[in-house]
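Working notes for the structure below.
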There are 2 protein chains.
Amino acid sequence: MATRTRRTERREEPLSRERIVEAAIELLDTVGERGLTFRTLAERLTTGPGAIYWHVTGKEELLGAATDAVVAGTMPAGPADTTPQEAIRVLALGVFDAIETHPWIGDQLARSPGKSPMLRVFEHLGRQVQALGAPPAFQFTATSALLNYIVGVGGQNAADARAHHARTPDTSRAEFLDDASAAWADLDPVEYAFTRSVAGQLREHDDRTEFVAGIDLILTGITHRQPG
Amino acid sequence: MATRTRRTERREEPLSRERIVEAAIELLDTVGERGLTFRTLAERLTTGPGAIYWHVTGKEELLGAATDAVVAGTMPAGPADTTPQEAIRVLALGVFDAIETHPWIGDQLARSPGKSPMLRVFEHLGRQVQALGAPPAFQFTATSALLNYIVGVGGQNAADARAHHARTPDTSRAEFLDDASAAWADLDPVEYAFTRSVAGQLREHDDRTEFVAGIDLILTGITHRQPG
DNA sequence: ACATCTCTGGAATGACGTTCCAGAGACAGA
DNA sequence: TCTGTCTCTGGAACGTCATTCCAGAGATGT
């Protein structure tokens with residue numbers, strides 16, 4: 001009598017695109033983008049590299065899927081019950097915070113235009129720009145400006161996090177800013193007059209506050225827009 | 001092997017950091033970031049990979065030096081004789097155009113904050129923001145916003161160029177936009193209502209004009225800033 | 001029972017960044 | 001002129017990575 005019904009499946013938990021993406025996100029968060037290799041990923045999933053390629057076409061797609069999964073989680077479900085301005089701030093901060101917890105999506109967003117994650121953010125931003133009363137012919141421009149600013153900051157923050165982590169894993173953010181500020185203050189007085197003059201503000205600034213200030217700048221730009 | 005004539009130097013043109021950076025820029029421009037390898041670079045310079053490492057610490061520094069060389073070339077020499085607004089537009093367009101001719105610096109700028117190229121742009125932008133009459137406590141924020149927007153667009157454009165070049169080397173930019181626009185128009189009517197509504201604007205928009213519009217948005221934001 | 005399809009995972013492949021090292025040419029001091 | 005030292009060279013080697021190959025295990029349909 002052969003055993004007809006196997007209690008277990010082929011594997012306790014069969015490989016799947018979702019499980020792979022999930023494991024990839026975990027690796028990216030813990031060891032960074034450089035730490036994600038098909039070898040370590042295979043090890044973590046107790047399989048071989050070849051098996052992963054059955055579910056995923058390559059590393060690029062894997063990174064894209066991981067980014068999409070994270071970004072999708074930060075988008076609001078229903079319509080906002082606040083002012084468009086506030087909704088845009090919340091939206092932008094959602095992306096900002098997501099990049100802070102997962103620095104690698106900063107790079108990813110900055111280098112994958114037109115892809116699903118960017119479209120999600122674009123759509124949600126656009127709706128609020130519409131709600132803001134921007135004329136239709138201007139909505140594309142305004143939304144793009146917001147999005148470009150957001151991914152710009154995201155890319156810089158991601159790079160900052162990478163540098164911070166790589167060079168000085170122990171030092172606090174305050175020390176990091178102190179060093180950067182000191183470096184600015186040491187620049188050539190003639191060639192870098194302005195940069196030196198704001199070195200103090202670099203030391204005291206808060207990334208998040210600064211980020212929102214930039215958003216607000218664009219928002220007032222949108223509402224006070226000169227005809228032309 | 002007979003001794004050759006020794007009228008020349010050790011090499012006709014000895015290796016030097018500058019020659020290496022120059023060759024790297026050439027390779028980056030012709031074959032893209034993925035085409036720049038120490039092997040091809042060594043071949044182009046008729047030497048071995050090892051020799052390059054005597055002048056340059058690694059690939060990261062090489063890319064940084066190449067970016068710096070290009071960006072430095074786009075910065076204005078003396079003070080501008082126009083309005084600050086116009087000077088900022090010129091400055092931003094300089095970077096924008098540089099990225100269009102050398103797409104790889106888009107990526108590079110987006111991922112190397114605090115480095116020399118970014119500082120250069122920051123300094124020049126800041127001076128004009130100062131000239132704009134922005135209060136000192138606000139200059140850092142305003143300049144950062146401009147810079148972040150610029151690198152955001154830069155990163156997107158670089159990625160676009162990469163995708164455009166990789167997938168459809170033959171199609172024109174117009175066709176490329178047509179395809180993208182059609183893709184937007186095909187999106188889910190409920191989930192992507194806004195994006196669909198601006199699909200037409202995507203087709204007709206001009207990157208450069210759109211970019212300046214974003215700059216102007218931030219500029220009016222700076223000048224019309226709400227106290228707070 | 002057999003054939004076929006889906007999925008697996010270990011072994012190979014080829015390219016890359018980087019390091020190593022034996023030594024060629026330049027140069028200073030004898 | 002000889003000799004040792006220093007700068008710079010470039011070919012070979014190393015280790016790692018993404019990706020491909022492939023032999024076959026388990027399931028499924030006939």
Side-chain angles (χ1 to χ4, degrees), chain A residues 1-24 27-28 31-67 104 107-108 111-112 162 166, chain B residues 1-24 27-28 31-67 104 107-108 111-112 162 166:
Chain A
M1 269 310 224
T3 33
R4 278 298 255 125
T5 53
R6 284 278 146 97
R7 183 65 188 85
T8 55
E9 299 233 47
R10 190 164 173 177
R11 296 168 112 257
E12 306 72 35
E13 218 168 339
L15 229 44
S16 72
R17 196 184 149 89
E18 284 121 39
R19 251 167 57 76
I20 292 173
V21 170
E22 193 185 325
L27 271 177
L28 286 165
V31 284
E33 184 160 352
R34 298 213 43 178
L36 175 68
T37 73
F38 275 80
R39 272 172 247 273
T40 58
L41 190 56
E43 197 180 345
R44 164 89 53 132
L45 293 164
T46 53
T47 179
I52 299 176
Y53 279 87
W54 180 260
H55 301 274
V56 155
T57 65
K59 193 168 189 179
E60 202 169 320
E61 185 198 313
L62 181 54
L63 279 168
T67 307
W104 48 275
D107 289 294
Q108 206 50 31
R111 38 177 55 240
S112 67
R162 209 180 16 245
Chain B
M1 282 218 209
T3 27
R4 281 170 151 266
T5 51
R6 312 201 281 123
R7 62 170 286 278
T8 54
E9 299 232 47
R10 190 164 176 178
R11 297 169 111 259
E12 305 72 34
E13 217 168 340
L15 229 41
S16 72
R17 195 184 150 89
E18 284 117 40
R19 250 169 56 76
I20 292 174
V21 170
E22 194 184 324
L27 272 177
L28 285 165
V31 284
E33 185 161 350
R34 297 213 41 181
L36 175 69
T37 73
F38 276 80
R39 272 168 243 273
T40 58
L41 189 57
E43 197 180 345
R44 165 90 52 134
L45 293 164
T46 53
T47 180
I52 299 175
Y53 278 88
W54 180 260
H55 302 274
V56 155
T57 66
K59 193 169 189 181
E60 200 170 321
E61 184 197 314
L62 181 54
L63 279 168
T67 307
W104 47 276
D107 289 295
Q108 205 52 31
R111 36 178 54 241
S112 68
R162 209 181 14 245

Should the side chain of A:Arg39 and the base of D:dA18 be counted as holding a donor-acceptor pair, with the cut-off at 3.5 Å? yes
A:Ser112: what forms a side chain to side chain contact (heavy atoms under 4.5 Å, CB included) with it, not counting sequence neighbours? A:Lys115
Check the pair A:Arg111, B:Arg111 against side-chain contact (heavy atoms from CB on, under 4.5 Å), reporting the backbone distance first and the verdict last. CA-CA 10 Å; A:Arg111 38 177 55 240; B:Arg111 36 178 54 241; 3.4 Å; yes
Could you say whether A:Phe38 or A:Ala51 is positioned toward the 5' end of DNA chain D, judged by the nucleotide with the nearest heavy atom to each? A:Phe38
Please report the distance, rounded to the nearest Å, between CG in A:Leu36 and C1' in D:dT19. 14 Å
Just list the side-chain donor-acceptor pairs under 3.5 Å for residues 49-59 of chain A, sequence neighbours left out, or say none.
residue	atom	partner	partner atom	Å
A:Thr57	OG1	A:Glu61	OE1	2.6
A:Lys59	NZ	A:Leu36	O	2.8

Spacing of A:Arg17 atom CZ relative to C:dC7 atom P, expressed in whole Å: 14 Å
How long is the line joining CD1 of B:Ile20 and P of D:dG10, in whole Å? 11 Å
Whole angstrom value for the distance that separates P of C:dA26 from CG of B:Leu15: 16 Å
Need one value for A:Leu41: base, sugar-phosphate or nothing, where a base atom within 4.0 Å counts as base even if backbone is also close, heavy atoms only. nothing
So if I take residues 53-65 of chain A and measure heavy-atom distances to DNA chain C, which residues fall below 4.0 Å? A:Trp54, A:His55
Of B:Pro49 and A:Gly50, the one whose closest nucleotide on DNA chain C sits nearer the 5' end is A:Gly50
Can you measure A:Glu33 atom CD to D:dC17 atom P for me and round it to whole angstrom units? 14 Å
Closest non-hydrogen contact found for B:Ala24 with B:Leu41 is N-CD1, 3.8 Å
A:Arg19 CZ to C:dG9 P, straight-line distance once rounded to whole Å: 10 Å
Here the pair of heavy atoms bringing B:Thr40 nearest to B:Gly35 is OG1-O, 3.3 Å
Distance, nearest 0.5 Å, that separates CG of A:Leu45 from CD1 of A:Ile20: 6.5 Å
At less than 4.0 Å, is any side-chain N or O atom of B:Thr47 found next to OP1 or OP2 of D:dG10? Yes or no. yes
Can you list everything that forms a salt bridge (Lys or Arg N to Asp or Glu O under 4.0 Å) with B:Arg44? Sequence neighbours excluded, please. B:Glu26
I need the CZ-C1' distance between A:Arg34 and D:dT16, as an integer number of Å. 10 Å
Tell me: CG of A:Leu45 to P of C:dG9, nearest whole Å? 10 Å
